[in-house]
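Every chain is numbered from 1 and lettered A, B, ... according to where its sequence line falls, protein lines coming before strand lines.
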Protein chains: 2
Amino acid sequence: MKTRERILVVARELFNEQGEHNVAASDIALAMDISPGNLYYHFKGKDAIHIALFSVFQRELVGLLGTPLTQPSLFIDDEDSPVIRSWFFLTVVLEKMLEYRYLYDNLSDLMHRFPEIDRGCRRLGHLKFAACETLIAELLANSNASPERLDSLVNTMAMTLTFWLPWNQMTHNADQSDVIVHKGVLQLLSNCAPYMGDEQHSFYAECEALYREMVVAVR
Amino acid sequence: MKTRERILVVARELFNEQGEHNVAASDIALAMDISPGNLYYHFKGKDAIHIALFSVFQRELVGLLGTPLTQPSLFIDDEDSPVIRSWFFLTVVLEKMLEYRYLYDNLSDLMHRFPEIDRGCRRLGHLKFAACETLIAELLANSNASPERLDSLVNTMAMTLTFWLPWNQMTHNADQSDVIVHKGVLQLLSNCAPYMGDEQHSFYAECEALYREMVVAVR
DNA sequence: GTCTATATCGGGATAGAC
DNA sequence: GTCTATCCCGATATAGAC
């Protein structure tokens, strides 16, 4: 792997582990066994690394959010139930966010410091909203919930999607970084539960079953 | 007002306006027209200011969260409906948080840097949970929602309470800092709506009525 | 591309006069 | 209590050799 690539990988790891602000450019160089000067040859400082890192993340997440549940894929069959499809979709999104969780630990800060990140996050926010809307439309197709309620539901889901990782970090100090995604999906979907029609119970059963299956599989 | 007091007030304002990390100790001194040396006479650096500021906030918020809806007060009558009481309670809590919103913009960061803030926020988190639980117990007294659902509802509410301010800041760049509290209360209560019994509609009506009333009153 | 050495700079912190 | 002046340090950034 080229040095430029490695810098991005190592920087992301350090940011996630130690918090963005605790990592100096020289720390990254040190962790890679290269000199600070060399690092500055590839990126003109930590800022440039941030921009590059975020642009990769943005591209990847836009790709995921852009095709929510619409097309079948390798993993998702068109015949699968909306619950399964939603479950899978949310899992994939949260896992991607977990890879770049340092971003969500310091969202306001980074958005404030970097206009690019600010614009990017707002764009991602809109996409999150849209994705949740189509997800809900599919999941609650024959629900009689009022539009206002659905609005607030979408809002809750988009917000949960954004802050689930930091929220868990602050409530459970333990590092259950693998179950955290599945717990998040359950939390997200359980918000939809009360609005579902008759399949309500079967939904919840399916959810819980999948949840336990995954948690067990991890351990 | 004594200098020591003024430092805390000005620091809080600057933190809220410009973000905690963008404010140096010398900035605070500058904004107050005192010398950096003088500031250091009162507080041994920015860290000490943070600790002092947080301890005030913690004391205040613990006071609010500690007596959720239980005792009648100047503003809350024992005969008032649970909806009104919940509404008022959430408003007061969110308004206090708004006064110290810089905290919630950089939660992970500050918790990471200051063990005191870390411990305090976890404690506040528990109190938030407990408060939401009693609120829900009162609000959904005769609901038949399953315990799992109620758990996830409490979780959603506590999380919303924690991240509502930063979430709004990142979605709506406009500074509608006065309505933000009322919008938050509506968002919080609308999560409970589907679990309410027959009074569901009357609840929503009451909520919306109050909401509009308050928004209009502000403008 | 990579290194070492060094310059720069901002913010934290202290000493001592008033 | 408050000021001025100064020191110190860590992190950023550059220069120039290899």
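In this structure, A:Arg4 places its CZ atom 17 Å from C1' of C:dT2, rounding to the nearest Å. The interatomic distance linking A:His50 (NE2) with D:dT12 (C1') rounds to 15 Å, in whole Å. Rounded to whole Å, atom C1' of D:dT4 lies 16 Å from atom OH of B:Tyr40. Computed from coordinates, the B:Leu39 CG to C:dG11 P distance equals 14 Å when rounded to whole Å. In this structure, the CE atom of A:Met32 is 9 Å from the P atom of C:dC3, given to the nearest Å. A straight line from NE2 of A:His21 to P of D:dT12 spans 13 Å, rounded to a whole angstrom. Atom CG in B:Leu30 sits roughly 13 Å away from atom P in C:dG12 (whole-Å rounding).
Between B:Phe163 and A:Phe163, the ring planes lie parallel to each other; the angle is under 30°, not in the 30° to 60° tilted range. Using bins of under 30°, 30° to 60° and over 60° for the plane-to-plane angle, the ring pair A:Tyr104/A:Phe57 lands in the perpendicular bin. Ring pair B:His50/B:Phe114 is tilted by interplanar angle, where 30° to 60° counts as tilted.
One finds no salt bridge joining A:Asp105 and A:Arg101 here, because no Lys/Arg side-chain nitrogen approaches an Asp/Glu carboxylate oxygen to under 4.0 Å.
Among the nucleotides C:dG12, C:dT2, D:dT14, the one closest to any side-chain atom of A:Lys44 is D:dT14. Listed nucleotides: C:dT4, C:dG12, D:dT2. Nearest to the side chain of A:Ser35: C:dT4. The side chain of A:Ala25 lies closest to D:dT12, out of C:dT2, C:dC3, D:dT12. Checking C:dG12, D:dT12, D:dC3 against the side-chain heavy atoms of A:Lys46 singles out D:dT12 as nearest. Side-chain atoms of A:Ala24 lie closest to D:dT12 of the nucleotides D:dT12, D:dC3, C:dG12.
At a threshold of 4.0 angstrom between heavy atoms, the contacts of A:Gly37 include nucleobase atoms, whether or not backbone atoms are also involved.
When the side-chain nitrogen and oxygen atoms of A:Ser26 are compared with OP1 and OP2 of D:dG10, none of them lie within a distance under 4.0 Å. Proximity of A:Tyr41 to the phosphate of C:dT2: no side-chain N or O atom is located under 4.0 Å from OP1 or OP2. Residue A:Asn38 places no side-chain N or O under 4.0 Å from the OP1 or OP2 atom of C:dG1.
In this structure, B:Arg122 contributes its side chain and A:Met170 its backbone to a donor-acceptor pair below 3.5 Å.
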